[in-house]
Amino acid sequence: MEKVITVAQVIVPILVAVLLGVLAKRRKLMTPEQVQGLQQFVLKFGLPCVIFTSCLTANMGMESLSSMGLVLLFVLLSTVLSFTVLKKRYDYHNLPMLFCAQETGMLGIPLFIILFGAAQSYRMGVLDLIQAVAAYPVIAILTTDTGENPTASVIVKKVFTSPLMIMSLLGLSLNLSGIGGLLNRIGIGGIITASTSFLSQPISALMIFSVGFNFSLAKECRRPVLEIAGIHFGIFALFAVLIQGALFLLPSVDSLTRWATLLYCVLPASYLAPGLGRNTRDYTMASGVCSILTAACLLVFCVIAAVVA
């Protein structure tokens, strides 16, 4: 009974936020323009703060390098696939975001803690960090206006001058140079991370709320939503099999690392995807895909929890 309550403490808030988004749309409590404004706060202020704090405080160890390398390899493959083959078939601006990152922060890490405890959460945390290699450039590209037929130099400039990229590079620079540690010792580091953490607090609720607000399986979008969700699930199910096989061949890989990579592969696509759309069609598609994949993830998680127990 205690485990059931613990699981509910993670799942129920997510479902409540989604349902509130659905209710707000049906009762017309908020307009699409208002929700887009909330999403812009996430993208231009909240998310850069999250990225900065993560890069500043990251503590990388050698134990998880094998899982990180495998996850990065397959995430890069799915990202390339989304920009080429899938983008030609499904012409949605934010489509690549559905294939370059899983929702490890809001869903993966809490679920993993339920199964194995907070002391082991770093095993999922490092996977969240490594997928940023693919996710951050994709987010930067999708959130910048590069105009019609932009040159390579224009795209590169837009990417590296975006708030997301600036804050990630700043955080990594302070971390790797040791300046971040120095700031912590003199007390300034705590003030900085407290400020960025404060601005980051509403992000989870806002992103999940927008998923519910934009969710739709209306006739005009039902087929692509189901197809894209099926493709995502199939691709990452294949990745799960290949990663588990590769880890089996490597010596001294902890079983918890295997569970972390398995859970990573069944997570839904990043909840940032709806907010990266440029029109209602983009928002609706991504929200529908995220909602379906979230439901599938929670069902698989119940199975994993039963096996682990």
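Considering only heavy atoms from C-beta on, Leu142 stays 4.5 Å or farther from Ile139 through its side chain. At a threshold of 4.5 Å between non-hydrogen side-chain atoms, the residues Trp259 and Ile304 count as touching. In this structure, Gln36 and Tyr283 have side chains that are in contact, with non-hydrogen atoms separated by less than 4.5 Å. Here the side chains of Ile231 and Phe99 are in contact, with some heavy-atom distance below 4.5 Å. In this structure, the side chains of Ile166 and Phe52 stay at 4.5 Å or more apart for every pair of heavy atoms. The side-chain heavy atoms of Ile235 and Leu81, taken from C-beta on, include a pair separated by under 4.5 Å. Using a 4.5 Å heavy-atom cutoff, the side chains of Leu272 and Val42 are in contact. Residues Met285 and Leu98 form a side-chain contact, since some pair of their non-hydrogen atoms from C-beta on lies under 4.5 Å apart.
The main-chain N or O of Thr31 is found under 3.5 Å from a side-chain atom of Gln34 such that the two form a donor-acceptor pair. Under a 3.5 Å cut-off, the side chain of Asp282 and the backbone N or O of Asn94 do not form any donor-acceptor pair. Distance alone, capped at 3.5 Å, is enough to place a donor-acceptor pair between the Asn175 side chain and the Leu56 backbone. Under the 3.5 Å distance criterion, the side-chain polar atoms of Thr294 are left unmatched by any main-chain donor or acceptor of Pro268. Using modelled atom types, one side-chain atom of Gln102 and one backbone atom of Tyr264 make a donor-acceptor pair closer than 3.5 Å. The closest donor-acceptor contact from the side chain of Ser78 to the backbone of Val75 lies under 3.5 Å.
No path of Ile, Leu, Val, Met, Phe, Trp and Tyr side chains, each step under 4.5 Å between heavy atoms, connects Val126 with Leu176, placing them in separate hydrophobic clusters. Under the 4.5 Å side-chain contact rule for hydrophobic residues, Val133 and Leu276 share a cluster. Residues Leu38 and Val16 fall within the same hydrophobic cluster, defined by Ile, Leu, Val, Met, Phe, Trp and Tyr side chains chained together at heavy-atom separations under 4.5 Å. Put simply, Phe83 and Tyr90 are part of the same group of oily side chains (I, L, V, M, F, W, Y) that touch within less than 4.5 Å, one to the next. Hydrophobic cluster membership is shared by Met97 and Phe41, with clusters built from Ile, Leu, Val, Met, Phe, Trp and Tyr side chains linked at under 4.5 angstrom.
Relative to the ring axis of Tyr92, Arg281 places its NZ or CZ within 45° and under 6.0 Å from the centre.
Closest approach of Ala135 to Cys100, counting heavy atoms only: CA-SG, 3.9 Å. Across all non-hydrogen atoms, the minimal contact from Ala134 to Thr79 is CB-OG1, 4.0 Å. In terms of heavy atoms, Ile203 sits closest to Val50 at CD1-CG2, 3.5 Å. Contact detail for Thr84 and Val80: the closest heavy-atom pair is OG1-O, 2.7 Å. When every heavy atom of Leu199 is checked against every heavy atom of Pro202, the shortest pair comes out as O-CD, 3.5 Å. When all heavy atoms of Ser82 and Pro96 are compared, the closest pair comes out as OG-CA, 3.4 Å.
Grouped by direct or indirect side-chain proximity (heavy atoms under 4.5 Å, Ile/Leu/Val/Met/Phe/Trp/Tyr only), Leu299 sits alone.
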Q: Tell me, with the steps shown, if Leu72 and Gln131 meet side chain to side chain contact (heavy atoms under 4.5 Å, CB included).
A: CA-CA 6 Å; Leu72 177 59; Gln131 72 175 0; over 6 Å; no
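The distance from atom CD of Glu103 to atom SG of Cys290, rounded to the nearest 0.5 Å, is 8.0 Å. The distance from the CG atom of Leu263 to the CZ atom of Phe116 is 8.5 Å, given to the nearest 0.5 Å. Separating the CG atom in Leu111 from the CG atom in Leu298 is a distance of 7.0 Å, to the nearest 0.5 Å. Separating the CE atom in Met68 from the OG1 atom in Thr261 is a distance of 13.0 Å, to the nearest 0.5 Å. Here Leu107 contributes atom CG and Ser270 contributes atom OG; the two are 11.5 Å apart, rounded to the nearest 0.5 Å. Ile114 contributes atom CD1, which lies 12.5 Å from atom CD1 of Ile109 (distance to the nearest 0.5 angstrom).
Judged purely by distance below 3.5 Å, without hydrogens or angles, the side chains of Thr196 and Thr53 pair a donor atom with an acceptor atom. Donor-acceptor pairing under 3.5 Å is lacking for the side chains of Glu227 and His232.
Screening Gln39, Met30, Arg26 for a side chain to side chain contact (heavy atoms under 4.5 Å, CB included) with Phe213, the sole residue that qualifies is Met30.
Remark: Phe233 CZ is loosely packed, at most 12 non-hydrogen atoms of other residues, nucleotides or ligands lying under 6.0 Å away.
Using the six-membered ring where Trp is involved, Phe236 and Phe239 have ring planes that are perpendicular, over 60° apart on the 30 and 60° scheme.
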